[in-house]
Every structure is written in structure tokens, then in C-alpha cells.
Amino acid sequence: MSTTAQKKINTAQAINFALHDAMELDRSVVVLGEDIADDQGGGVFKCTAGLSAKYGTGRVKSTPIAEQAIVGAAVGGALAGLRPVAEIMLMNFTTVAMDQIVNHAAKLRFMTGGQTHVPLVIRTTTGAGFGTGGQHADYLEAWFAHTAGLKVVAPATPADAYGLLLSCIFDDDPCIFIENLPLYFQPGDAPVRGERIPLGKAKVVQEGSDITLVSYSRTLHEVVAAAKGLAKEGISAEVIDLRSIAPLDFDTVRASAAKTGRVVVAHEAQVDFGVGAEIAARLHKDLFGTLKAPVARVGAARSPVPFSKPLETAFVPTRERILAAIRETLD
Amino acid sequence: MSTTAQKKINTAQAINFALHDAMELDRSVVVLGEDIADDQGGGVFKCTAGLSAKYGTGRVKSTPIAEQAIVGAAVGGALAGLRPVAEIMLMNFTTVAMDQIVNHAAKLRFMTGGQTHVPLVIRTTTGAGFGTGGQHADYLEAWFAHTAGLKVVAPATPADAYGLLLSCIFDDDPCIFIENLPLYFQPGDAPVRGERIPLGKAKVVQEGSDITLVSYSRTLHEVVAAAKGLAKEGISAEVIDLRSIAPLDFDTVRASAAKTGRVVVAHEAQVDFGVGAEIAARLHKDLFGTLKAPVARVGAARSPVPFSKPLETAFVPTRERILAAIRETLD
Amino acid sequence: MSDTHQPSKETLLEIYRIATLIKQADDRFIELIKAGQIASPYYSPRGQELIPAAISVNLKPSDYVVTTYRGIHDQLAKGIPLKPFVAELLGRATGTCKGKGGPMHITHVASGLPVTTGIVGAGLPIANGLAWAAQLNGTDQVTVVNFGDGASNIGAFHEALNLAAVWKLPVIFVCQNNRYAEHTHYSLGTGAATIADRAIGYGIPGVEVDGNDAVQMWRAARDAVARARAGEGPTLIEANTFRFRGHLLGDDSHYIPKEEMAEAVAADPVPRMRAWLIGQGHASDSQLAAIEAANVAAFEEAVEFGLASPYPDVSELDKDVVAEGAHA
Amino acid sequence: MSDTHQPSKETLLEIYRIATLIKQADDRFIELIKAGQIASPYYSPRGQELIPAAISVNLKPSDYVVTTYRGIHDQLAKGIPLKPFVAELLGRATGTCKGKGGPMHITHVASGLPVTTGIVGAGLPIANGLAWAAQLNGTDQVTVVNFGDGASNIGAFHEALNLAAVWKLPVIFVCQNNRYAEHTHYSLGTGAATIADRAIGYGIPGVEVDGNDAVQMWRAARDAVARARAGEGPTLIEANTFRFRGHLLGDDSHYIPKEEMAEAVAADPVPRMRAWLIGQGHASDSQLAAIEAANVAAFEEAVEFGLASPYPDVSELDKDVVAEGAHA
Ligand SMILES: Cc1ncc(C[n+]2csc(CCOP(=O)(O)OP(=O)(O)O)c2C)c(N)n1
Ligand SMILES: Cc1ncc(C[n+]2csc(CCOP(=O)(O)OP(=O)(O)O)c2C)c(N)n1
Ligand SMILES: [Mg+2]
Ligand SMILES: [Mg+2]
């Protein structure tokens, strides 16, 4: 670990650093999205600040509001040898571009019998907490993970955001890179410059022996906080940050579950047909008869994201709800 | 049961009958989609044949190729009191309209605090088997089931198609109605005219005691065939047709699983993050410690739908693969 | 050009009443936000007041208006009742949407405001559906759908205008061209010389007007409404205007050349209309002051109502997801 | 109009060679399908042969062509090698896509055919990306993207043309207007008088040509290619044509008025061009017959190759989903 690891930065900065480093390293890395060039402010969340000034508006392009055109241009660019990083401002807007993502980016390698591949990254952000209401804060990672050919990554810390984004950019297949709006502003350890974090590898954030807590993205921090509370009660929780949802590092999850016998999966997406279901289904299969309790799942309320503050607060998987699921699982 | 139940019809006809009956019953039922009016042939699969001749091209509208416009017009019509039935020719084309479906149809009731609701049906068809390759045969039901506010229905027989479609049309919320291309042409018992099949209710197709087989849409028929084979070996399978995926009739599935202790879920969609995961997760939770084997899942290969016949045949959950999963679960 | 038809004095005063109400409401909301009373991004319509004000006097209560996150001007113009309107912005249970929708999604069906979307372009296809229902039911309802210059570059715009043209729907597409889409200037996002030019591609009338001129705007709306009511189909109106307060509150508009902003603010349409009304002898200063005072009083009452209203109960999360009694 | 520039005799013969190869290939595929050798829907380009034939002679091997399910004419014109081409339609392991793509998705990167889509409109935004890469890399590559009249009504068309205009991309949008989208006549789906009119909405040239006239089509392509290579940006070409064999094989074209079909078939562009070539003294009957015979021989060899080729092994299902060695 270099000394830079002592410094604190936030995730918006970490992403910005990763983009700068990737563009410097490789001329084929290009960036596009709404308002992302410096004349437009370097992105609404400043993640792309300074890129166009440094690398030019040929490689760093602000776009019209046209998500199909954005992802399409990224797909075509990727087919022609570029490594495009497309910003879809908020995850709900990926709904406009699902055809390009699912019918094209995800499938072209296979459909062309391996003649082509689509090394593109779609960066997008989401998450409740800022009063944006029903159309700006959905977590849709399960859709993408359900789609063969796509990788899905969702970092929880600035350093992970940096290292995972670098890996996505230099991966030869399409990656959906999910950022979280509130996390943009939360400081964390700075990454080591140039260090990539492999895709498909979960991180054991904290070792423990009584229960395994699996999470990713912002909810991870609630889980860690819950685990802290438990520690005071003498309960030892192992906390796993999936980091990648697809490919899923199931080995790490299984090994932990085999050790603790109890698992809670928490994420901000809907519970039903969500990522937790896949993990629960696999764990019960692989560890049949050995788990001490059923795998518990915690997620958002079964509703669209509400506006009013008290509803929004209750909508997300709160620490209290996570703790309740943990206690039930420990019972 | 009336005597019409003796007659055989196929699913394309059943859907056509349901649309005719619904349009006759209620002036607010309207139909739209590409090529659906009689001058355009009454739909590429003839499901809407005769409707425009009988009810006029005001209520039965062929549209431009514009899935966002189609679903949008259906959403707006529904807000204004119509009961639109929109045909999205193939399920992969729903990717073009995901914003209208997910950000709007599914959410408007909630986002308006109940002032509005969106009684629309999106009929769409899918399924491998006809050599259409990677962009025309995906099963995407898990995406929709993951979305709060949507109902997801997938009939396996002509009579179910009829009765479930009627229920969807007269339901006050948006329904995704998933048809299967090969099944259009497969005959089955005719429905009883006017008889609606409630949404959210599974059908026990065959009672049994050794294992529970859960499926829907075309894969159900493979499952039934597999069960027939097992019967000859003295194995008694209970076969459940979910019919609705959301809301999920979990009570019926659980009751059966509690009885047999063994469950296989089979569908044509991808296994990972698919419907089977949700069912497995719930079963293992509710029946913790009482199942005799882990819930097994069978689905398509983890790839886009391939073109070449031998690959396409192997891609879908074949009877052999279903049988293998059953045998493993019985072991 | 040669159209010299003038709105009546009453109509002009009504346009002014609405425009000034919008301006006052915007100022007040910003105060409330700064005071921490509204926890949400806020998209100010300051500078664009005359557009919906001049449209709405051509509409009936039963007509529909569809709008966006930047929509309080459109909603106020359509006559949304102030109390539940303000309460919704404050996220209260007494809001039009019980606090579930919020500032980006204010709707009020009874006022003809059935849908307000935060997704760029998505209102246009939905407006077609509302218009289709009116066409089918033989009512003479017209649907007006508002959107920005940036929205004219997204696929939904194209699909909607084309479908409306082919189906001859009674719908009016109003592009409030405030020259910027978030931080992106018109010229960087839009190939067309004017948005109105795009009407040619659908075979429908495309009208470019100064949206900050009440009379021009009123005429354009009058014609489009007449056309729609007569069953002659859709119109695309491009109403040129400007956005004074950035994309959302907190945006410092650094990407807008200072002169451009200064010029626009100097031509602020609401005071300009005020001066013009007096100058033309349509109203006296005190008459207009009375209108303004009445607005303020009514609005303050609404703010009091909103602030005194309870937040929704957490149990509301489970409600309105699907019809009562049905499974979510 | 006043453009009298004629393609050279060699160019005209090359256009004819390609057009007749397309026609022959189409006939042969239909035989193979009827014999049960191809198990897939088939979208015949009969009637549209001259469009890609006249475009392709203006292109370099390194230029890109993007097309659709109805694309064998575009692929043959771009010079796809016949053996792996036919093998792909037959679903064989020796096909360009190892049999995984199939008739709707024939691609051959080495021939400049990097993507063929079955989704209406989806090729246009992807074409922009190919063109963007060329622009960035400073190559003079041009990207031609083909689509139908129906496709011009979908959102992706609009987004793509606008982006290409704003970015001045070296891309040529070729609308092969065969008057029908599946069973829907142009007038029922399209508001525009002509598709070329839509170019106005993007501020780019829109050119309407008789796509069944080799010389007109050649001139339009030549100009658009020159414009693109010169960095002057995109062009929209509307090539009017007709589709002789319905939307897909088995479609009886019942929705097409008999006279309309009869008129179009009577003006079949390939025999018409043949007669014109002879009439103008560009070639003798025997010269053209030799071209045709050479085509047939080459194509038959490819069919033999395809039929003799093995199907892919089932293990191919797991391959090419993601990069080798990575997890799916
Ligand atoms: C599909 C989609 N893409 C992006 C956004 C983010 N966004 C919100 S407002 C906006 C700018 C819209 O500009 P314009 O249409 O000119 O309207 P204005 O805000 O100027 O009124 C953008 C890009 C969105 N809401 N929806
Ligand atoms: C998004 C989408 N919607 C619908 C379809 C089904 N479809 C396939 S071809 C076609 C007609 C296309 O017509 P046109 O663009 O005129 O091309 P042509 O087939 O005449 O060459 C339709 C509707 C599709 N493939 N993709
Ligand atoms: Mg704007
Ligand atoms: Mg066509």
C-alpha cells in the first residue's frame, strides 16, 4: 500500500481519477454523456471534470439528451476498437436505452460468433435520499445481472469505485457500473494509483463467525453500522461487499456462509426477484441442510420510491430493518 | 363447464376470442399495435383478426413502428379511462418501451397518490424454437416481476390465455401478458365463454406426492411430459402452473412443497436472477429444515438465444434437462 | 404576422394574473427551500411564465395539460388549487399526491393535470393517449404537452409527433425553448435550425413564437387549440424563452455567457408585460397591484396550510401501489 | 437534376454484377428454405438490389455497412465472402458467425460488416459509434447504415440523425423506402411527405432518389460519401424502391393492392438495368450472361460448401458469451 492510501477522497473524485488515469493510459478510452464536457460543467456530479480540457472534446463528448444515441454510439465505438465510457445520468434513464444495452451490447460477441466484442462501460448513478421521487432512484441491477453477457458492478467506497472502474474500462465486455448518489459525497480512503480491483471478486469487509452479512453499494454502509452495533453485544458478523453482482463471487459468499451458518442479504433494490433471491437460492442449494437459519433478505419497500421525507426514509433498507432481519436470523 | 369446453382451439385463437369478448363487453377496451388492424392482416400472428372490422379503426389501431409511442398512448389512454391492450410484437421489443412501462405505467398510481391508475395490458410474445436468433426470443418476465406495480402473467394453454387475458383487461393496474410463439399453434381445450381466471392464482395441473414441479408458459408442457415419464417409473409428481408470476401464488407452491418436500422450478428464461431464484429463496425460508432436497432450477443456457438449430434446441430447458434436475432432486 | 387579433382586456389581465402568480410562487418556494422546508431538487420556471399563462386562457378545465419536473408554471396556469399544490411540494399528506409524488411529479386530475413526468420526453407519448381517448369519446378536449428544447432530441419526441400526425390527434406539442438543456446550449445538442422546423418531418404545422410575448403566444395557442378542437390534428409550437435560475436551484449558470443572461433578465417577461399593460391603457398600476396582492394572500394561505399539514404515515408506502385489495 | 456525371462502364457492370448476384442468391435461398435447409424466417430483398449495388461501388473495403434482418443485398454488395455467408444462413459452424447469428444477423467484420440487427432502428445509433471511431482515428472511413421506411418512425432514428448532425459524423443514413413496414403502408405509419424531408429537422442534406435507377442511386451515394470523407457530416438518402416478396417468406402480400405490386414487378430493376446496359451499348447480352454464369457458379460452390459443413457443437453455447476465461 502506498502512502496515498492515507488520504481521504469521495467517490465522485475517485471516479474522476479513474477516468483521468484510464484516458491517459490508453488513447482508445473515450467518454460520452449529457453535460460531461467541461464547457457543460464536467458532468452534473462533476465526475468527468477536467477530462475534455485535458483530452479534448473529440474523446470527451457532451451529447444531446438521447440515451439510445449515447449507448448506441458507445456500442458502435466499441465495435470499432474504442473503449467508451458512457454516462447515463441516472439509472432510471437506462430504461430508455435497454434495447441497445440488452439486445446489442450484451449479445453482439455471441451473435457474431466472437468476431466482435463490446468493451463499453455504462456508468450510472442512483439511490434514494435526496427527495427525487419515483423516477430517479431505482436500483435495477437484477435486470442486468439476469442478462447473459453483461457484467454488473456496484462499488461502496471511493477506493473500490476507482479500482473497479479501471477494471471495467479495460474489460473486453460490457459493464454496467452502478454508482450511488449519496455516496458521491462520502469520504473514504484514497485508492492506490493505477491499482485495478478484479471484477467478480467480493471483499470480506470484516471477518466474523456468527452471521454473514452480504451487501453492496450504499446499503453496505448500513450493514457495517449494524455489524458494529452487534459487536457491542458480542455478536461477530462477517460482512461481505459483493462489489460485482455479475459475475457473482459466490465462492466467497458460500465459504462465509458455510462458516457462520447464517446469512442476511441486504440491498436497496426491491426484494422480490432481486439479487438476494439469487444468493439465497444458491446458498440453500450448495449448503443444503447445513445452514442454521434460512437466508434472510432485506430491501426497499414494495413500492415506487416515494417523495415525502418520512416515506423515503422508511423506503430504503434502514439499519433498523437490517438489524431486525439479523436478530431474526440469529434466533 | 359448458359444452364449448370440448372443442379444441389454439392460443392465438383464444387470445383473439378474449379480445373480441372484451371489446364487445366494454366500450373502453381498445387495442393498438403494429399491423393489428384487419387492413394490415389482423396482426402478424392474427391474434387481433376481425377486431377492426367489427369495432372500427378508432378502437383498433395499427401503429407506426414506435414502441414508446405505442405504450405511451396506452398509458395516456388508460389515464383517461380507456382499457388499452397494446401489442408489442415480440418481448425483446419491450426493451424500447421500458421507460413507459417501468417509470410510468407501473408507478403512476403511487406517484399520484392514487388519483390515477393505469389499466393497460401489454400483450407480447416470445420463445425460442423458430430460428429467429438472438434478438427475438428472450423471456424477460423477471424484470417486470421485480418492478412494484406491475402484474406479470404467462399462460400455458389456450383456455388459460383466454381467461387470464380477460382478467388482465379488466384489472385496474398494468399487466404484462406474455404469450409464447410456438404455443400459438398448439391446440388445447376451448375456454368457457366469458369465464375469467383470477390473477395471482396458480393451477395445480396434476396432483402428486413425491416432487413438486413448478413452471409456466411453454416450459410447462415439457414439465408435464417429464412428469408423464416419471409416472411410468412410479414417481408421482405434482405439477404447478404459476400462470401469474406477479403476483405470485406462493401459497399454492408452498403447500405443495410442504407436501412433497422436493421442488424443481423450470422456465425458459435465464436461471441466474430469474423467477426460479425467487421461488427457491421463499421456499427455503418458509419451509426451512423441512425440505428433503434443495430447490432445483432449470432454465435456458447462459447465453443469448442462438440461431443454429442444434444450439437452439439445446438452449431451451429440454425435457432431458428437466428430468435430470428431477432425478437429482429425488436422489 | 398579419394576425392583428388581440386578446380581450379580461384575457390579458388573466394572463398577467397567472404569470405573476407563477413568479410569486417561485420566489416563495425558493424561500421555503432555503429555509429547509422542501427537501428536493427544484426546477424554477422563472422567465417562462407567459407561455402557460397565455396558453391556459385558451383552454377549458376539462382539457389536459401534461408537463415535467419544471412544471409549476404549467400547473398554476391550469388552475391547480393552491393548498394541495403547496402541500405536495412540502411532501405533506394533504398534497395532491399525498406527498408521494413531490415537486417533480405534481399532478391534479381534477384540474386536468393527469401526469407530470421527470423523464425527459416521456410526457409526449402519454399526451397522445389522453388525446386519443378524447378523440374516441367525441369530447372536444384538447391535450397540451409541455417540454424543453433538449427534450426535442430524444426518441419519444419523434415517435409521439409522428403518431399524433398519423392519427390526427387533438394534441398540442409545446416546446418551451429556453435555449439550454441542463448545461448544454441548444446548438450543441440540436441539429435543427429551429425546433419548429421539425414539424415538416411529420407533416404538421410548426409554429415558432416569442413565448415571452403574451399576445404572440396567445395567438399561437388559440390557433393550435382551434385546430385540435376541429379535429384537424396536432400542432408543434416552439415558444422561445429563457430560464433565469439555472437548471435547478443551486446551479450558478456558469455555462451561460454573462451577456446572454443579462439580456434575458433585462427582458423579464412579467415586468415587461406589466409595463405594457399600463402603457397600453389596459390596466392601471393599482389594478395590477391589487391582482398581485390577491395572489400573495391566496398563496400565503396555501403555504400556511401546507406547513401546518401532517406528513403522510409510513403505512402509505403500501398503499396506491396497486388497486386496494389486490396484491402488489 | 442537372448532374449528368455518369459512372464508368466498369462501374456500371460492377453494379450489375452485384445486383444480379443478389437476385440469384435470393432465388437460391428460397429454394433452400423450401427444401427445408434453412429453418428461419427469411426477409427477401428482391426488388431492392440496385440500392446497395450502386452504393457499394463508392465504398472502400474498410468502410462500414450496417444493415438489418433484410440485409443479404447489403452484405453481398459489401463483398462478404460467399462460403461463410451461405454457411451462416444454414446455421453451420463454418458460417461467418459460427451459426450463432443466423439470417437476421449476418456479420463479417473483415468485410466491413460489423453489425446486423433484427431490431428496427437500432443500427443507426451504432453506426454513429463506428463513424465516431473513424473520425477520432482520422481514418477516412465512411459508415453506411441501411434501414426501412418504417424504421424512420422509431425513436432511435431521430436520436441517431440528430447526434450525427451535431457531431458531424461521417455516416450515411440510407432509408430503403419500399413503401411497406411489414403490412403497413407508408401513409399509415409515417407523417412525413417524404423521409428525406426529415433531414431538415437535423440541419443535414436529405436526398430523395429512385433507388431502382442505378445511375441516380450511384450519384446520390457518391455525393454523400464525398461529403462524409471530407468531414462535412452526415447525409440522409431516401432510396425509393419496392419489396417483391412480402415482408417475410410466406407472406402473400394480400395487403398490397394488386396493381401496385404488378406495376412494381413490371419495373423490376435488375432486368431493367440489364436491358438498359445493352440498349446503351455498355455491354452485350453475352457479356452479361457471362457475369451471371460466373455468379451462379460461385454461389453454387458456396451452397455446396455450406451444405457440407457441420453444425456447431453444442459446447458453442458457452463460448463467445464473454471473453474467453472470463465468467459469464
Ligand atoms: C431520459 C432522461 N434523460 C436525462 C434526464 C436528466 N435531465 C433532466 S432535465 C434535463 C434537461 C432537459 O432540458 P430541456 O428539455 O431543454 O428542458 P428544461 O429543463 O430546459 O426545461 C435532463 C438532461 C432525464 N430526466 N430523463
Ligand atoms: C423495435 C422493433 N419493433 C418491431 C419489430 C418487428 N418488425 C420487424 S421488421 C418490421 C418492419 C420494418 O419495416 P421497414 O423499416 O420499412 O423495413 P423493411 O422490412 O420494409 O425493409 C417490424 C415492425 C422489430 N424488429 N423491432
Ligand atoms: Mg431547455
Ligand atoms: Mg419498408
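Naming: A, B, ... by sequence-line order, numbering from 1 per chain.
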Could you tell me whether the side chain of C:Thr107 reaches within less than 4.5 Å of the side chain of B:Thr116, counting heavy atoms only?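 Sidechains of C:Thr107 and B:Thr116: no contact.
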In the structure I gave you, are the side-chain heavy atoms of B:Ile70 and C:Glu159 within less than 4.5 Å of one another anywhere?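 Not touching, per the 4.5 Å side-chain cut-off.
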Give, for atom [atom1] of [X] and atom [atom2] of [Y], the distance between the pair rounded to the nearest 0.5 Å.
X        : Y        : atom1 : atom2 : value
C:Ile126 : B:Gln100 : CD1   : CD    : 4.5 Å
B:Arg109 : C:Glu324 : CZ    : CD    : 9.0 Å
B:Gln68  : C:Asn128 : CD    : CG    : 12.0 Å

Between [options], the one whose heavy-atom pairs under 4.5 Å with chain B are most numerous:
options                                : answer
C:Gln135, C:Lys100, C:His105           : C:Lys100
C:Ala156, C:Pro312, C:Ala160, C:Pro114 : C:Ala156
C:Ala122, C:Gly101, C:Ala164, C:Gly95  : C:Ala122
C:Thr96, C:Leu124, C:Thr143, C:Ile106  : C:Thr96

Region of [X] in contact with chain B, defined by heavy-atom distances below 4.5 Å:
X        : result
C:Glu316 : backbone
C:His108 : both
C:Ala127 : neither

Which heavy atom in [X] sits nearest to a heavy atom in [Y], and how many Å separate them?
X        : Y        : result
C:Leu130 : B:Ala80  : CD2-CB, 3.9 Å
C:Ala323 : B:Asp173 : N-OD2, 2.7 Å
C:Val321 : B:Phe110 : CG2-CD1, 3.9 Å

Sort out for me which of [options] touches chain C most, counting heavy-atom pairs under 4.5 Å.
options                              : answer
B:Asp171, B:Ile65, B:Leu248, B:Leu32 : B:Leu32
B:Leu79, B:Val75, B:Asp99, B:Leu108  : B:Asp99
B:His117, B:Lys61, B:Met111          : B:Lys61
B:Pro84, B:Ala78, B:Ala69            : B:Ala69

Which atoms of [X] come close to chain C, meaning under 4.5 Å heavy atom to heavy atom: side chain ones, backbone ones, both, or neither?
X        : answer
B:Ser62  : backbone
B:Gln115 : both
B:His104 : side chain
B:Arg27  : side chain

Would you say C:Asp320's side chain and B:Thr112's backbone share a donor-acceptor pair under 3.5 angstrom? no
Any donor-acceptor pair under 3.5 Å linking the side chain of C:Trp132 with the backbone of B:Gly58?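 Checked: pair present.
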